[in-house]
Number of protein chains: 2
Amino acid sequence: MTEQSAMTPAAERVLEVVENLFYDKGIHAVGVDMIAAEAGVTKKTLYDRFGSKDVIVRLYLERRDARWREHVTAVVEQPGRFGPRRRVLLMFDALESWMAAENPRGCAFVNALAELPDPDHPARPAIGDEKQWVLDYLRQLVRDTGARNPRKLAASLFMLFEGAAVAASVDVVPGAVAGARDAARQLLDAAL
Amino acid sequence: MTEQSAMTPAAERVLEVVENLFYDKGIHAVGVDMIAAEAGVTKKTLYDRFGSKDVIVRLYLERRDARWREHVTAVVEQPGRFGPRRRVLLMFDALESWMAAENPRGCAFVNALAELPDPDHPARPAIGDEKQWVLDYLRQLVRDTGARNPRKLAASLFMLFEGAAVAASVDVVPGAVAGARDAARQLLDAAL
DNA sequence: TTGACGGTAAACAGATCTGTATAGTACGAC
DNA sequence: GTCGTACTATACAGATCTGTTTACCGTCAA
């Protein structure tokens with residue numbers, strides 16, 4: 001996947017600081033000077049390691065995606081052996097804890113898409129990959145429940161999922177993710 | 001509300017061009033020089049009329065919100081007298097036609113929020129207002145159906161709504177809005 | 001007829017943007 | 001002990017950012 005094996009200490013520091021900078025302030029609002037200063041690295045080093053800001057943006061998204069998938073799978077596939085129906089709902093528990101801990105400003109990939117309209121931007125594939133993975137993961141979980149029309153149900157759950165992230169970030173719906181989980185349970189039970 | 005009465009011809013032209021520029025390219029990616037050139041206006045005029053780019057951003061969102069509300073109410077309250085349950089689902093029809101015609105890059109307000117992290121930015125209220133209006137409008141429509149737990153149901157529909165916009169813009173779910181409407185119908189019928 | 005208003009044209013200020021260039025230091029491997 | 005690697009420090013290039021300034025031209029109303 002993301003071979004972070006070859007990362008030098010300075011490069012590692014850069015990727016650590018952009019995780020917060022890009023997410024908190026937005027991609028365009030963060031210049032390479034700020035990145036270098038925050039990481040305690042010279043711009044020379046920064047360009048020697050990555051070649052361009054766009055590459056750093058791509059790595060930012062890829063690394064965040066990796067952390068996100070780890071979080072989700074850790075929650076959904078936690079030992080204790082929950083049944084398939086329960087595992088679907090655990091997806092929303094994973095989202096809830098992720099939102100509280102790391103995502104107050106909404107989905108980083110939706111936000112990145114807002115800032116990167118160019119379809120040829122090197123970071124664009126990372127955005128589509130994250131969304132496709134969530135959808136595929138939901139499809140697999142739903143299929144395991146034996147629900148009717150699993151693809152359609154997974155698509156509905158996916159939209160509840162993404163909508164809950166939006167609702168939580170704009171802060172107009174109290175308990176957004178919990179509400180989304182309740183709705184997901186209804187849709188799921190109706191299809192069993 | 002937005003008193004666009006006092007708008008001079010040049011100012012009107014500016015607001016017309018930023019509607020597309022900001023939405024298509026993103027707010028930070030569009031400079032005032034580009035705005036002035038595209039509107040056929042000098043920067044002097046631009047600053048005489050608006051005072052700052054931030055004000056233009058605020059007006060951009062307010063005007064888009066006004067157009068969006070007009071579109072939604074025109075679809076939902078179209079003559080023909082649909083019943084309350086049908087009117088709820090018409091919200092999703094309104095979203096579908098809006099997405100196809102004006103929203104291929106997702107919700108302008110979610111995108112703007114991604115680019116404007118500062119809670120004190122003058123354009124921020126416009127973002128919250130749009131989301132609050134959609135939620136309130138759904139609440140009213142749901143209440144008219146006599147469904148149980150109308151606030152909770154409206155919140156679920158709101159999340160399906162926002163999620164459908166995300167799903168359509170990232171283009172991983174074919175027929176996203178139609179799927180969201182089907183899920184909405186299920187939730188609605190279960191509460192009647 | 002005078003003066004306010006809306007506008008053009010064009011230069012400028014000062015900051016910040018991505019990216020490059022030059023020069024030199026510390027260190028580990030072979 | 002020499003060579004390559006990773007790094008610092010710093011200056012620079014050229015573009016672009018928001019915003020200001022000066023000078024001038026119509027038009028319309030009091």
Side-chain angles (χ1 to χ4, degrees), chain A residues 3-18 20-61 111-112 114-118 120-124, chain B residues 3-18 20-61 111-112 114-118 120-124:
Chain A
E3 30 149 338
Q4 62 191 39
S5 43
M7 285 295 164
T8 64
E12 195 62 41
R13 246 148 55 218
V14 166
L15 293 179
E16 270 164 28
V17 301
V18 296
N20 292 321
L21 288 177
F22 283 153
Y23 184 75
D24 292 340
K25 300 177 192 296
I27 293 169
H28 279 138
V30 175
V32 289
D33 288 288
M34 186 189 291
I35 295 172
E38 208 75 17
V41 158
T42 59
K43 277 206 293 181
K44 173 90 165 46
T45 299
L46 196 151
Y47 277 93
D48 282 350
R49 291 296 137 257
F50 301 106
S52 76
K53 182 187 175 183
D54 287 349
V55 169
I56 300 177
V57 173
R58 195 196 83 221
L59 292 170
Y60 151 64
L61 290 172
N111 290 357
E115 292 207 75
L116 308 176
D118 178 11
D120 296 326
H121 192 286
R124 279 292 289 270
Chain B
E3 33 149 339
Q4 63 189 39
S5 44
M7 284 297 162
T8 65
E12 195 62 42
R13 246 150 52 219
V14 166
L15 294 179
E16 273 165 26
V17 301
V18 296
N20 292 321
L21 288 178
F22 282 154
Y23 183 74
D24 292 339
K25 300 178 193 295
I27 293 169
H28 278 138
V30 175
V32 288
D33 289 285
M34 185 189 291
I35 295 172
E38 208 75 17
V41 158
T42 58
K43 276 206 294 180
K44 172 92 164 48
T45 300
L46 195 151
Y47 275 94
D48 282 350
R49 291 297 136 257
F50 301 105
S52 76
K53 181 186 175 183
D54 287 349
V55 170
I56 300 178
V57 173
R58 194 195 83 222
L59 291 171
Y60 151 65
L61 291 172
N111 290 357
E115 292 207 72
L116 308 175
D118 178 10
D120 295 326
H121 191 285
R124 279 293 288 269

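Throughout, a chain's letter reflects where its sequence line sits, starting with A, and its residues are numbered from 1. The shown structure was predicted, so the numbers you read here are calculated from the model rather than taken from an experiment.
Using a 4.0 Å cutoff to heavy atoms of chain B, the contacted part of DNA chain C runs 5' to 3' from C:dG6 to C:dA9.
With values rounded to the nearest 0.5 angstrom, A:Asp33 atom CG is found 4.0 Å from A:Lys43 atom NZ. Note that OH of A:Tyr60 is 9.0 Å distant from CG of A:Asn20, once rounded to the nearest 0.5 Å. Distance OG1/B:Thr45 to CZ/B:Phe50: 10.0 Å, rounded to 0.5 Å.
Taking atom CZ of residue B:Phe50 and atom P of nucleotide D:dT18, one finds them 15 Å apart after rounding to whole Å. Protein atom CG of A:Asp33 is 14 Å distant from nucleotide atom P of D:dA11, rounded to whole Å. When the P atom of D:dA9 is taken as reference, atom CG of A:Leu46 falls 14 Å away, rounded to whole Å.
The minimum heavy-atom distance between B:Ile27 and B:Lys53, with the atom names listed, is O-NZ, 3.1 Å.
Looking at heavy atoms from C-beta onward, A:Val18 lies out of side-chain contact with A:Val30 at the 4.5 angstrom threshold. The side-chain heavy atoms of A:Met34 and A:Lys25, taken from C-beta on, include a pair separated by under 4.5 Å.
Ion pairing of B:Asp118 with B:Arg124 is absent here, as no side-chain N (NZ or NE/NH1/NH2) approaches a carboxylate O to less than 4.0 Å.
Residue B:Lys43 is the one, among A:Asp54 and B:Lys43, whose nearest nucleotide of DNA chain C lies closer to the 5' end (criterion: closest heavy atom).
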If you restrict it to nitrogen or oxygen atoms, what contacts under 3.5 Å exist between nucleotides 5-7 of chain D and the protein, and what is each distance?
from: D:dC7; atom 1: OP1; to: A:Thr8; atom 2: OG1; distance (Å): 3.1
from: D:dC7; atom 1: OP1; to: A:Ala10; atom 2: N; distance (Å): 2.8
from: D:dC7; atom 1: OP2; to: A:Thr8; atom 2: OG1; distance (Å): 2.9
from: D:dC7; atom 1: OP2; to: A:Arg49; atom 2: NE; distance (Å): 2.8

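With hydrogens and angles ignored, no donor-acceptor pair closer than 3.5 Å exists between the side chain of B:Lys53 and the base of D:dG19.
Listed by chain and number, the residues in a side chain to side chain contact (heavy atoms under 4.5 Å, CB included) with B:Ala123 are B:Val57, B:Arg58, B:Leu61, B:Leu116, B:His121 (sequence neighbours excluded).
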